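To start, the structure itself, in structure tokens.
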There are 2 protein chains.
Amino acid sequence: MKQLPKEDSKKLDKLMNHLQEAAETFLGYPCNRTFDYSALYPFLGLPINNVGDPFMPSVFGLNTHALEREVLDIFKSYTHAPSDSFWGYITNGGTEGNMYGIFLARELHPDGMVYYSEDTHYSVNKIMRVLHARNIMIKSQSNGEMDYDDLYETVRIHRDVPPIIFANIGTTMKGAVDNLDKIRGIMKRLAIPRYYIHADAALSGMILPFVDHPQPCDFRAGIDSISISGHKMIGSPIPCGVVLAKKGNVERIARSVEYIGTFDTTLTGSRNAVTPLFLWYAFKSTGREGFRNIIAECIENADYAIDKMSHFGIDAWRNYNSITVVFPRPGAALVSKWQLAVQQKIAHIITMPHVTRKQIDRFVAELAADLIDTDHADHKKSNRQ
Amino acid sequence: MKQLPKEDSKKLDKLMNHLQEAAETFLGYPCNRTFDYSALYPFLGLPINNVGDPFMPSVFGLNTHALEREVLDIFKSYTHAPSDSFWGYITNGGTEGNMYGIFLARELHPDGMVYYSEDTHYSVNKIMRVLHARNIMIKSQSNGEMDYDDLYETVRIHRDVPPIIFANIGTTMKGAVDNLDKIRGIMKRLAIPRYYIHADAALSGMILPFVDHPQPCDFRAGIDSISISGHKMIGSPIPCGVVLAKKGNVERIARSVEYIGTFDTTLTGSRNAVTPLFLWYAFKSTGREGFRNIIAECIENADYAIDKMSHFGIDAWRNYNSITVVFPRPGAALVSKWQLAVQQKIAHIITMPHVTRKQIDRFVAELAADLIDTDHADHKKSNRQ
């Protein structure tokens, strides 16, 4: 590879400056930026590829399957997956993990109906469309949780087909956790023998294992598969995640492929071998106790932000065990500057590990000024609708 | 992030040694290892993410969309995509690009039937299954090209549904290029008004633009979408690729998503922002003339390997404009050592830019010894079946 022409080098420098600046006001999205994987950069000099099933031997030798399996083992312990029937792989992010979970469910229950709340991440529509999966959107409660009465009534009139529940363990906008006990209770009340629960735990899958009183959120609560992001709470410059499922289910839909001498069980064929190294490094260097401390601080900072906003009369709130702080939507300039995620009349910040109290102070001052400029009363009222 | 415990540091060192060793005998897979992206490593310190459509403005500011668009523009010129109706994005690799192409085709032709040859990459079965796409496998010729008589006869008896052709621009095992002129000729002869052609040009999509007499292989030859790998000929430590399609088709299936303030047009939501930088860097530093030279040398080395094997009486061959050298399958030890891709009675090496004549000499000597040990005559006969 030759040198880059001078004008292109300048372009790169400019991009780097722009990105570093943008990172200073990065409050709206759940991507932790406090990571340092520079010790692993030498691996980027090799054409590594985790093609195929991480648990099967492969002819393609340039892989990091061994460390990928260690990462999966850690996620297994965090999610209390059954030791004797466990499978998973590291994905390119939440969409792939959720698509895998629903694909698996659809293969097991070809006539199944997928149910998900209206607060579910926007990508679920794409997933349903790609998979040709029959689906019904369920109403949400104002806090972002699924409306269980609506779920009950809707499943009741479709008792002839197996339900596939797409449960949110932390919704995108409000950090709400769907109550898995209630969902299973509904299945029981309706005497439904066969159903499948997939959990989208993008962010909260790395929060709830580290709090004192987590909501039911994992395999102990009856889920069949779960998707957790790696670039969110753990942090990574490359989107990634993990999907975990029950081995017995996965084996039913697997098939062998001679070309790479392994099983074609993963949605993606050639797979990133770098992100498993990143996640492994993060787990090994931070440790369970490290994550406990990080999460505790994030929650304290969420409460700090709410207090600050309340001080200015801004109606801010969060769900239990969530670090997503919801408040009335400000004007476009503020949305753009602080890269706020918005939806209808609300916006949020997420007090990820990189968010400092100083940043919160600065942001809240600007937010208060902005909201006073606009129709304040109107914002206050609409926030929880 | 804290320091890594000592035993884990040792584990990393061991893995690095193992990978470097394995890279020395890496002849069977089409992944170029002559790259050096170290100038870009500082970008790995930031939580960058190319979420959403690369051509739309996004609230998520930490992206490399601008350089992604430059890369797409280069691929546009290589594939002669229509300037006024062009769209695409950088994928996580071939599977995503091919899935996107067939997804787009299926959305445009919900009753369509997908046709692909039996030499098509194994992942096509998974794609058909995921997409619930009706499909028929077409016979192949012995060189790996589609059997056009079988295609004609098969489409003829399904003239009531639009054909979706999954064409190989370079098959996985034999590097064969399906003849797009013949395929379109069949559609014309059968008076089929609506059809779709997706091209899987994983490796050859970065070979044919740089040879003097390429087969018909791009938008000029009537394709509607194409998938090309980035980690193959260009080289990357992270699997990646590009999918290009006609904008008019893509717009028909797009939908807007407020959360990230952009269009949810890509299969993956959060997307790798690092690989677009890698590809951009490779294009800018190597240039079109650089790739011409690299490809010419790869083809010369393929011929060199064939000559060497012929010298030992080994029946080796390649397709026109291909750098995939096919020969009789050797024993398991050799397959494992040189990481050879195998299928039934054949194996191949691919003379990628990192493959040296010294490596070829070493390999051919070992191959000759191995094949003499086994039933030589039997191998020779079965090679082209």
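A, B, ... follow the sequence lines: proteins, then strands. Residue 1 opens every chain. Note that this is a predicted model, so its numbers are computed, not measured.
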* B:Pro353, part contacting chain A, at a heavy-atom distance under 4.5 Å -> neither
* So, do B:Pro42 and A:Met16 sit near enough that their side-chain heavy atoms are less than 4.5 Å apart? -> yes
* Asked: Can you tell me how far the CG atom of B:Leu4 sits from the OH atom of A:Tyr281, to the nearest 0.5 Å?
  -> 5.5 Å
* To do: Heavy-atom pairs under 4.5 Å with chain B are the metric here; pick the option from A:Ala273, A:Gly45, A:Gly290 that has the most.
  => A:Gly45
* Just say parallel, tilted or perpendicular for the rings of B:Tyr41 and A:Tyr41, cut-offs at 30° and 60°. => tilted
* Residues of residues 89-100 of chain A contacting chain B, heavy-atom criterion under 4.5 Å, by residue number -> A:Asn92, A:Thr95
* Charged N to carboxylate O below 4.0 Å: is that the case for B:Glu7 and A:Lys284? -> no
* To do: For each of A:Ile238, A:Leu131, A:Leu67, A:Val130, tally heavy-atom pairs with chain B at distances under 4.5 Å, and name the one with the top tally.
  => A:Val130
* Under a 4.5 Å heavy-atom cut-off, does chain B meet the side chain of A:Arg106, its backbone, both or neither? -> side chain
* Rounded distance (nearest 0.5 Å) linking atom CG of B:Asp8 with atom CH2 of A:Trp280 -> 4.0 Å
* Looking only at atom types and distance, does a side-chain atom of B:Lys126 sit under 3.5 Å from a main-chain N or O of A:Thr266, one as donor and one as acceptor? -> yes
* Which of B:Leu267, B:Val274, B:Thr268 touches chain A most, by non-hydrogen pairs under 4.5 Å -> B:Leu267
* N/O donor-acceptor pair under 3.5 Å between B:Gln339 side chain and A:Gly61 backbone -> yes
* Asked: Any idea which heavy atoms bring A:Arg33 and B:Pro47 closest together, and the distance?
  -> CB-CG, 3.4 Å
* Structure fact -> Of A:Asn272, A:Leu44, A:Ile48, A:Leu40, the largest count of non-hydrogen pairs under 4.5 angstrom with chain B goes to A:Leu44
* Asked: To the nearest 0.5 Å, how far apart are OG in B:Ser270 and OH in A:Tyr29?
  -> 10.0 Å
* **Reported NE2-to-CZ distance for the pair A:His132 and B:Phe103, which is rounded to 0.5 angstrom** => 8.5 Å
* Using a cut-off of under 4.5 Å for heavy-atom pairs, which of A:Leu19, A:Asn63, A:Asn50 has the most such pairs with chain B? -> A:Leu19
* Asked: Given that the side chain runs from C-beta out, which part of A:Glu107 has a heavy atom under 4.5 Å from chain B: side chain, backbone, both or neither?
  -> side chain
* Portion of A:His18 that has a non-hydrogen atom of chain B nearer than 4.5 angstrom -> side chain
* Interface moiety of B:Leu277 toward chain A, non-hydrogen atoms closer than 4.5 Å -> side chain
* **Largest heavy-atom contact set with chain A, pairs under 4.5 Å, which of B:Leu15, B:Asn49, B:Thr275, B:Asn32** => B:Leu15
* Asked: Which of the residues B:Thr25, B:Val335, B:Ile127, B:Leu62 is involved in the greatest number of heavy-atom pairs with chain A at under 4.5 angstrom?
  -> B:Leu62
